[in-house]
Number of protein chains: 2
Amino acid sequence: MSPKIIDEATLEAREEEIMRTALEIISELGVAGLTIDKVVSQLPYSKGTVYNHFTCKEDLLTGLCNRSVKSVAALFERAITFDGSSREKMLAVGYAYMLHSMLNPTEFMLVISAKTPSVREKSTERRQEEHVALENRLLGGLLQVISNGLASGELQLLPHLSPAQVAFSLWSMSFGTIALLHETLDRCSVRIEMQLERELVNHCNILLDGLNWQPYTQEHNWMDTIDHFKNELFAPEVEQLRERLNG
Amino acid sequence: MSPKIIDEATLEAREEEIMRTALEIISELGVAGLTIDKVVSQLPYSKGTVYNHFTCKEDLLTGLCNRSVKSVAALFERAITFDGSSREKMLAVGYAYMLHSMLNPTEFMLVISAKTPSVREKSTERRQEEHVALENRLLGGLLQVISNGLASGELQLLPHLSPAQVAFSLWSMSFGTIALLHETLDRCSVRIEMQLERELVNHCNILLDGLNWQPYTQEHNWMDTIDHFKNELFAPEVEQLRERLNG
DNA sequence: GTTTTTTAATGACGGTTCGTCAAAAATAGC
DNA sequence: GCTATTTTTGACGAACCGTCATTAAAAAAC
């Protein structure tokens, strides 16, 4: 009279296994090349089992998207620990976003795909809510830095702008820049990746100047700050990126 | 000894007919709901004929995307004729981009979809080149305004920035803002659409301040400028939008 | 140890969709 | 009407989706 009960932990492990396999397929064949059949064929489970975890292909995509946002959030949380001014921390967040997109181009495109109505509409309510929660977690980090900036007086908030709006402006700017430069991103070309870095820093600095966030672009050596990002704060990620470009 | 030759004009007309039908289907069922079979069933042609125009579904999507960019370009060209300062013209371009995305949400999402590698890779070389050319046409309009601003002294170019970079920064900002606010865009909700307007204007103004483009946000009544956009420059579009929201 | 009860996993199947290609229709000169 | 050539057609094989009746597995009851 007692059923076979599955361990919660193994269930999660299996879900992760499915997602990892799906991501491998997407990396090789693109989002359009992802097929439940292909995922199943590379797993020791049957199709029915996969469908117990994800209601459809789109639900799987949203799951992958959330997985990616989680790792971005982790990077953001490191970024705001940067030992420097509040504006430098803000820039660190933008830089982190960019690094993540370079290291995980597939996953960055996935986030765009998952925002497509056709994908979103088909996803589970549960996973959609998780997505919103995760995005709020991202914004939370930014809001913390903004609060620091206000407290120290480095940021003079324009009367018509709320902290949330400031956070959103940096996010929009970074997202737009990465998304538009991503399309030309060839994984073999160092030059183009470096262009993305330059433009992203430029755009963030323009934005932060416009927000009256001191020290202004001309009042600080931002090359130094970026060097600190590369050699200290994000040293592992930059190293990883360098290896991938050379090897 | 003489073959049946098809008129170039009818060929183009048919291509337009196919695209219009495809767009109708996407509006109803989303990008994922688009099916060549459905397109064919609503046309007086057979599947083979459609495949004579577009090599695959993705090629059709890119075709639709280009069609959309063309209409954006037309709106941009109107925007830069705005009777005002160079900064106002710049803002008008951003505003035009936003209006277009509100009036044609399906097409805006299409542009994002078409930038997806899985779609791009499968598209014809020809259509990809057309896409790049069209984007350059968009940037061309912006460059013209930037050149005006420089000539009049309203824009003080920072030493490390080229005009193209300035143009690209406004594009990135507008694109990112619209894309991120689009996801929550419910076609029945007036409030959310108005939020997009507010944030887009905010973001553009912050950016233009950061670029040292006079008159600064605080030195001009931008509400007035926006009113001119709404009641004069883009009166037809705003009216169209209002009708759609009410009716 | 056997039977029973309940849950989990399986994979064959019907239904779509894609893109192709051999055959048919259409066109224009003779 | 005949021929040479191009265009159009839609039936077809292949691939994929998501379902669901069936099978396997595990634990409790006996």
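Just so it is clear: chains get the letters A, B, ... in the order the sequence lines come, proteins before strands, and each one is counted from 1.
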With sequence neighbours left out, what residues match Glu237(B) under salt bridge (Lys or Arg N to Asp or Glu O under 4.0 Å)?
Arg78(B)
Applying salt bridge (Lys or Arg N to Asp or Glu O under 4.0 Å), name anything that partners Arg67(A), two or more places apart in sequence or on another chain.
Glu16(A)
side-chain hydrogen bond (donor to acceptor under 3.5 Å, both in side chains) partners for Ser41(B), two or more places apart:
none
May I ask you to say what Lys38(B) touches in the nucleic acid, namely base, sugar-phosphate or nothing, with a heavy-atom cut-off under 4.0 Å?
sugar-phosphate
Please list residues of residues 43-56 of chain B whose heavy atoms come under 4.0 Å from any atom in DNA chain C, ordered by number; otherwise none.
Lys47(B), Tyr51(B), Cys56(B)
Which parts of residues 8-26 of chain A get close to DNA chain D, meaning a heavy atom less than 4.0 angstrom away?
none
Could you pull out all residues at least two apart from Phe168(B) that satisfy ring pair (Phe, Tyr, Trp, His ring centres under 6.0 Å)?
His203(A)
Can you name the ring pair (Phe, Tyr, Trp, His ring centres under 6.0 Å) partners of His100(B), sequence neighbours left out?
none
Residues which pass salt bridge (Lys or Arg N to Asp or Glu O under 4.0 Å) with Arg137(B), listed by chain and number, not counting sequence neighbours:
Glu77(B)
Report the residues that fulfil side-chain hydrogen bond (donor to acceptor under 3.5 Å, both in side chains) with Asn52(B), sequence neighbours left out, ordered by chain and then residue number.
none
Can you pull out how bent the helix from dG1(C)-dC30(D) to dC30(C)-dG1(D) is, comparing the axes over its first five and last five pairs, to 10°?
20°
With sequence neighbours excluded, residues passing salt bridge (Lys or Arg N to Asp or Glu O under 4.0 Å) with Lys57(B):
none
With the threshold set at under 4.0 Å for non-hydrogen atoms, list the residues of residues 60-68 of chain B touching DNA chain C in residue-number order.
none
